[in-house]
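In what follows, a single structure is set out as structure tokens and then discussed.
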Amino acid sequence: MNKAEKEEKIEKSKEAAIEFYKNLEEPIDLEVTQAEFSTETNATIVFVYGHDKGNKDVLYHATVETADDYAVLSFGDDKAPK
């Protein structure tokens, strides 16, 4: 995969994560701060990190599978348990 293809997959993964968080029961306006390929999956998994535009104190993450139409496989945050 060349650099342009990698960049395209990263951008599409960011878009998928943003859209996913917008559609939650309690929507989050995700501002992506970092996205990177997993080194374990032959460049099909992208880890996306960011925070809510209205609250930079809580970090969010999503795992996106580029080989499965940019499906979000897992997601979460770093909020302390209540």
Side-chain angles (χ1 to χ4, degrees):
M1 174 179 351
N2 66 38
K3 184 177 178 180
E5 290 170 325
K6 284 183 180 181
E7 288 175 2
E8 180 182 1
K9 286 185 177 197
I10 290 281
E11 286 305 312
K12 286 184 176 182
S13 295
K14 289 178 184 179
E15 292 170 11
I18 289 167
E19 192 64 28
F20 179 84
Y21 274 104
K22 272 186 194 175
N23 290 313
L24 292 176
E25 188 173 310
E26 293 181 29
I28 295 163
D29 191 6
L30 187 68
E31 183 174 330
V32 175
T33 57
Q34 182 180 357
E36 61 190 6
F37 279 100
S38 167
T39 58
E40 304 290 323
T41 62
N42 296 324
T44 64
I45 299 283
V46 175
F47 300 120
V48 179
Y49 306 94
H51 55 78
D52 189 329
K53 288 181 181 176
N55 181 3
K56 294 183 178 183
D57 294 333
V58 179
L59 300 177
Y60 294 92
H61 56 87
T63 304
V64 180
E65 173 59 78
T66 64
D68 187 16
D69 200 26
Y70 295 88
V72 174
L73 302 178
S74 64
F75 67 99
D77 60 52
D78 71 350
K79 291 180 187 175
K82 293 181 181 181

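Values in this document were obtained by computation on a predicted structure and should not be read as measured data. No hydrogens, no waters, no symmetry mates; every other heavy atom, side chains included, goes into these values.
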Look at the side chain of Thr44 and the backbone N and O of Thr66, then say whether any donor-acceptor pair between them is shorter than 3.5 Å. no

Please give me the minimum heavy-atom distance between Lys6 and Phe37, naming the atom from each residue. O-CE1, 3.8 Å

Is the shortest heavy-atom distance from the side chain of Tyr49 to the side chain of Glu36 under 4.5 Å? yes

If you compare all heavy atoms of Val72 against all heavy atoms of Ala16, which two are closest, and at what distance to 0.1 Å? CG2-O, 4.1 Å

What distance do Glu5 atom CD and Lys9 atom NZ have between them, rounded to the nearest 0.5 Å? 7.0 Å

Which pairs of donor and acceptor atoms, one on a side chain in residues 52-64, lie under 3.5 Å apart (sequence neighbours left out)?
residue: Asp52; atom: OD1; partner: Gly54; partner atom: N; Å: 2.9
residue: Asn55; atom: OD1; partner: Asp57; partner atom: N; Å: 3.0
residue: Thr63; atom: OG1; partner: Ser74; partner atom: OG; Å: 3.0

Looking at residues at least two apart in the chain, or sitting in another chain, which of them share a ring-ring contact (aromatic ring centres under 6.0 Å, His included) with Tyr70? none

Just how far is it from atom CD1 of Ile28 to atom NE2 of His51, taken to the nearest 0.5 Å? 12.5 Å

Strictly by salt bridge (Lys or Arg N to Asp or Glu O under 4.0 Å), give each pair with a member in residues 14-28 just once, sequence neighbours left out. Glu11-Lys14

Considering non-hydrogen atoms only, spot the tightest contact between Val46 and Ala35 and give its length. CG1-CB, 4.3 Å

Can you confirm whether Asn23 is buried at CG, in the sense that more than 12 heavy atoms of other residues, nucleotides or ligands lie under 6.0 Å from that atom? yes

